[in-house]
Number of protein chains: 2
Amino acid sequence: MDPVSQSEDEIADASDPDHLGKMIREARLRKGWTLEEAGKAAGIGRSTLSKIENSQTRPSFDIVRRLTKALELKTPQLFVQSGPSDISGRRDVTFAGGGEMQETPTYSHELLCTELTSKRMFPYISTIKARDVSEFESWIRHRGEEFMFVISGELTFFTEHYRPLPMKAGDSVYYDSGMGHGCISTGEEDAKVLWVSLE
Amino acid sequence: MDPVSQSEDEIADASDPDHLGKMIREARLRKGWTLEEAGKAAGIGRSTLSKIENSQTRPSFDIVRRLTKALELKTPQLFVQSGPSDISGRRDVTFAGGGEMQETPTYSHELLCTELTSKRMFPYISTIKARDVSEFESWIRHRGEEFMFVISGELTFFTEHYRPLPMKAGDSVYYDSGMGHGCISTGEEDAKVLWVSLE
DNA sequence: ATCATTTGTTTCTTATAGGAAACTTTTCCA
DNA sequence: TGGAAAAGTTTCCTATAAGAAACAAATGAT
């Protein structure tokens, strides 16, 4: 953290017109780069970078994109703007079995921590009913990333481009949810998995 | 996903100079808005928006930010550009106990799915050694959001501004990790929790 | 079909972003 | 200390973003 930020662990300050510039300077210094070096890495001039960091210009999106890449900036933070979202300084508990139920023919989802509406990850527990492999339907597919952890039971996890993956309690998998995916319980009883979905 | 695939559920295509414009038009139409309406919502002119959508201009970051807000666009997608990140079209499995171990005096972390380096969520299992409450040290605190799920055992989860939270297997909590937080095992044996951290 | 209205595109103009170079400040070594 | 080199800022100029208005295409009503 750098000289600019007030408290040593400040949360991205909203409604600050200098937000973008501060973030970028912070990221550059974190890398220990000079304006020249950072500019070169991002393919922009050092004068431009100076002006951006000091909020003396409104850079184009393209320039910002190049900087985020060179400086390995976390992009969502750049968009922080209007007041902290409702997660700021908050927590949301769901006790076992206390989630919001959502039923489908094959799955039974229990949505967790649904009080915090502006959270970015979506955790839920699915009970996958034991059934025959032949019943497998179509791929689920949606932009983003997903993490799955098997809580109990045995199942087979399918994804496009890969061979079926047998999994049991304690196993986990992380995957691009843009790939078709799905799973079926292969054990005697229903399987229980925890999913965390992003985006 | 490779550059060749053109499925109808196409993943954000990298190295496409028209990427930004396409995303924005898509988002606008999803809302069923005209250029006029969307422009008004974002506070920009309809001609400007037209040019952005058709990639006839390189909009300023500020304009893009206003659009993302008005159109409720997922921001990280906008930055997709140079080659798909290594998660694209991939999956990464970790079998029970097969994670990368990382030891600290109090915690024992097992990092999951560490093959995919560009993933955005960081899942790990922690074993929290059973011990006395008095040993509680200092807050852990870092930008971002976190989800925690208790796999086994009993523990107390602490966060600033809230009272201690007793938790047991199956319970979960989602919180702003910018708040100080930490937990200790309160049961007979070590507690096991799954954490998923973002940002 | 004809005309009116609405939606999207293309000028046209002005304000400004971005880079080169001049200038200033800081660093650091003799 | 002083003076040179490096880092950062400001100035100046050109290319272009952004909005207004003119234009064109699509939609809809009679």
Side-chain angles (χ1 to χ4, degrees), chain A residues 1-6 13 15-73 75 77-82, chain B residues 13 15-73 75 77-82:
Chain A
M1 204 97 346
D2 79 349
V4 183
S5 56
Q6 275 65 7
D13 183 10
S15 65
D16 175 3
D18 298 353
H19 179 63
L20 181 68
K22 284 180 182 169
M23 296 288 296
I24 289 174
R25 169 151 293 183
E26 199 178 303
R28 175 174 65 86
L29 296 178
R30 206 179 302 133
K31 289 231 168 220
W33 283 351
T34 65
L35 289 172
E36 184 78 39
E37 291 168 323
K40 198 163 187 183
I44 68 175
R46 73 165 183 280
S47 59
T48 303
L49 184 48
S50 169
K51 280 182 277 191
I52 292 170
E53 292 187 352
N54 293 301
S55 302
Q56 291 174 10
T57 188
R58 296 182 184 201
S60 70
F61 178 77
D62 189 54
I63 293 283
V64 174
R65 190 186 45 65
R66 284 190 253 168
L67 281 167
T68 60
K69 198 180 169 198
L71 299 173
E72 297 178 89
L73 259 167
T75 60
Q77 297 177 357
L78 299 180
F79 289 86
V80 177
Q81 169 102 345
S82 52
Chain B
D13 183 11
S15 65
D16 176 2
D18 298 354
H19 179 64
L20 181 68
K22 284 179 182 169
M23 296 286 297
I24 290 174
R25 170 151 290 182
E26 198 178 302
R28 175 173 66 85
L29 296 178
R30 206 179 303 135
K31 289 230 167 220
W33 283 352
T34 65
L35 288 171
E36 183 79 38
E37 291 169 323
K40 199 163 186 181
I44 67 174
R46 73 164 183 279
S47 59
T48 303
L49 185 47
S50 169
K51 281 181 278 191
I52 291 170
E53 292 187 352
N54 293 301
S55 301
Q56 291 175 10
T57 189
R58 297 184 181 195
S60 71
F61 179 79
D62 188 54
I63 294 281
V64 174
R65 190 184 46 65
R66 284 191 253 169
L67 282 167
T68 60
K69 199 180 170 195
L71 299 173
E72 298 179 88
L73 259 168
T75 59
Q77 297 177 359
L78 299 180
F79 289 86
V80 178
Q81 171 100 341
S82 49

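Each chain gets a letter, A, B and so on, in the order its sequence line appears, and its residues count up from 1. None of these values were measured; they are calculated from a predicted model. Side-chain atoms are counted along with the backbone in the values below, which use heavy atoms only and exclude waters and symmetry mates.
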Would you name the heavy atoms of Leu71(B) and Lys31(B) that are closest together and state the gap between them? O-CE, 3.7 Å
If you look at every heavy atom in Glu37(B) and Thr34(B), which pair is closest and at what distance? OE1-N, 2.8 Å
What nucleic acid atoms does Ser50(B) come within less than 4.0 Å of, heavy atoms only: base, sugar-phosphate, or nothing? base
Between [options], which nucleotide has the shortest distance from any of its atoms to the side chain of [X]?
X	options	result
Arg46(B)	dA22(D), dG8(D), dA18(D)	dA22(D)
Asn54(B)	dT9(C), dT11(D), dT10(C)	dT9(C)
Thr48(A)	dG18(C), dT9(D), dT9(C)	dG18(C)

Please round to the nearest 0.5 Å and tell me the distance separating atom CE of Met23(B) and atom OG1 of Thr68(B). 11.0 Å
Using a cut-off of strictly less than 4.0 Å, decide whether [X] has a side-chain nitrogen or oxygen near OP1 or OP2 of [N].
X	N	result
Arg28(A)	dA7(D)	no
Ser60(B)	dA17(C)	no
Ser47(A)	dG19(C)	no
Gln56(B)	dT10(C)	yes

Side-chain donor or acceptor of Arg28(B) paired with backbone N/O of Trp33(B) under 3.5 Å: yes
Starting at atom [atom1] of [X], determine the distance to atom [atom2] of [N], rounded to an integer number of angstrom.
X	N	atom1	atom2	answer
Glu36(B)	dA18(D)	CD	P	17 Å
Glu37(A)	dA7(D)	CD	P	7 Å
Leu20(B)	dA17(D)	CG	C1'	14 Å
Ile52(B)	dT10(C)	CD1	P	15 Å
Ile63(B)	dT16(D)	CD1	P	18 Å
Lys51(B)	dG19(D)	NZ	C1'	7 Å
Arg58(B)	dA15(D)	CZ	P	15 Å
Leu35(A)	dG19(C)	CG	P	13 Å

Does a side-chain heavy-atom distance below 4.5 Å link Leu49(B) with Ile63(B)? no
